[in-house]
Every structure is written in C-alpha cells, then in structure tokens.
Amino acid sequence: GIQVEQSPPDLILQEGANSTLRCNFSDSVNNLQWFHQNPWGQLINLFYIPSGTKQNGRLSATTVATERYSLLYISSSQTTDSGVYFCAVVSMNYGGSQGNLIFGKGTKLSVKP
Amino acid sequence: DAGITQSPRHKVTETGTPVTLRCHQTENHRYMYWYRQDPGHGLRLIHYSYGVKDTDKGEVSDGYSVSRSKTEDFLLTLESATSSQTSVYFCAISESLGGGYNSPLHFGNGTRLTVT
C-alpha cells in the first residue's frame, strides 16, 4: 500500500518563527488532507489539497502531486500552533485502503514563548 | 464544530471483558469511521461504514467488530479486550469516502481505553 512519510518528526520553534512541514507519499493520490491535533487531543481538519496551493491565515499548503509531496507552511508561529500535524492521503490505486485516508505518523511541533 | 459525540471519554477495563464504544453524530453524514491512535503509528483505520448496516474493514480490524443500525450511531465492540487494544479511539464522519473538498473529515474528541 501507499507509504506516507512526514518530516521532521519533531520541531521546536520560538514564537514568531516560520516553519515548513513536509509530507512525502509513494504513489499517486487523489485526496490529501492536513490535520492538526492540539495538545488536548482534538483533531482539526486544516486543508483538503490534492494539488495546488491554499492559504488560510498564517497557514498555507502546497501539494506537488507529480512529485509526490506536500508542504505545510506556518508563518509567525504562535504557542497555540503547538501540537501534532498529520498528513493523510488516498491512493489513486486504492490497494488495501479501499479509498480511505492513510495517515502519516505526524510532525510534533512545539512553539516556545 | 461538527456534531460528533464519543462515549465514554475514558474507560479502564480488564483483559477478556467485552467493551463497546459509541459514536453519535448529528450531521447526517453518510460515512463514519473508527480509528485508533498509538504512539509511533499515527492514526490507523479499524472499520468504517458507508450507510446503515453497511460496514467494511480497515487496516487493523482484527479483534474489533462494528454495527450501524441508525445513521447517527456507529458502535465499536471489542469482544474480548486485550492489552494490545489499549489506545485512544477516534470516531470520524464525512459526506464522501475519505472526505473531500466540500466534505472534510471531522473527528470526535476521542475515547481513551486502558485494558489492564
């Protein structure tokens, strides 16, 4: 099945810094989403972005489907950005996932005041 | 916020006992999912449902069963709980399979299950 790798696994930033999180995937996808899990465990959908670029406030995401990667940019980071960021994809070839999302292991972000 | 309620929020049980977790939605979404989250593994799909009485297995379905008798409720049952099933369980909903442009995947707040 499709492999989803996120990097870096851990990231520590000072408040106000910018960061880039990366998601590589091993097969063509027709669905890619980014999620944020806050320190209390809540999972929030950030972007649906199988291709192209989207922006929402200080967050933006770019997916280059032909090169099988996606990037999540966080600008002017705040302590409330802390948590784990997950990338999840649906492979065009489905395989065993039957069209369901396959999640990466996440990037843990800690923003220090 | 999407109307998803998971119950219980926390549960401690003994090995070998049956356990049922409940997910209730008020959004009338077609698809419902159960995921488990474990350190080092991210989120893994256990089972999902695409309609009333229509369910299918995910990547880690062994030891779990599900039922969906009403659109709004999706139950996850551990027939005989084992220590390896200690985890945080998340329910999710969407209008299309896997979620999409106008139908993002929405998660409940999770159930922390400990099997002793």
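Below, read A as the first sequence line, B as the second, and so on, with proteins coming before strands; counting in each chain starts at 1.
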* Shared ILVMFWY cluster between L97(B) and Y50(B), side chains joined below 4.5 angstrom? -> yes

* To do: Is it possible for you to say whether L75(B) and Y89(B) belong to one hydrophobic cluster, with membership spreading through side-chain heavy-atom contacts below 4.5 Å?
  => no

* Under 4.5 Å heavy-atom distance to chain A, tell me which part of F90(B) shows up: side chain, backbone, both or neither. => side chain

* Asked: Is the backbone N or O of G99(B) less than 3.5 Å from a side-chain atom of N31(A), with the two atoms forming a donor-acceptor pair by type?
  -> yes

* To do: Give, as side chain, backbone, both or neither, the part of F47(A) having an atom under 4.5 angstrom from any heavy atom of chain B.
  => neither

* **Contacting region of Q37(A) [heavy-atom separation from chain B under 4.5 Å]** => side chain

I'd like to know whether [atom1] of [X] has more than 12 heavy-atom contacts from other residues, nucleotides or ligands below 6.0 angstrom.
X       : atom1 : value
E15(A)  : CD    : yes
Q14(A)  : CD    : yes
R112(B) : CZ    : no

Would you compute the distance between atom [atom1] of [X] and atom [atom2] of [Y] and round it to the nearest 0.5 angstrom?
X       : Y       : atom1 : atom2 : result
L43(A)  : H106(B) : CG    : NE2   : 12.5 Å
F103(A) : L45(B)  : CZ    : CG    : 9.0 Å
Y48(B)  : L101(A) : OH    : CG    : 12.0 Å
Y33(B)  : N100(A) : OH    : CG    : 5.5 Å

* Structure fact -> L105(B) and Q33(A) have their tightest heavy-atom pair at N-OE1, 3.6 Å

* Asked: Nearest heavy-atom pair of E59(B) and I102(A): which atoms, and what distance?
  -> OE2-CD1, 4.0 Å

* **Residue-level interface, residues 54-88 of chain A with chain B, non-hydrogen cut-off under 4.5 Å** => K54(A), F86(A)

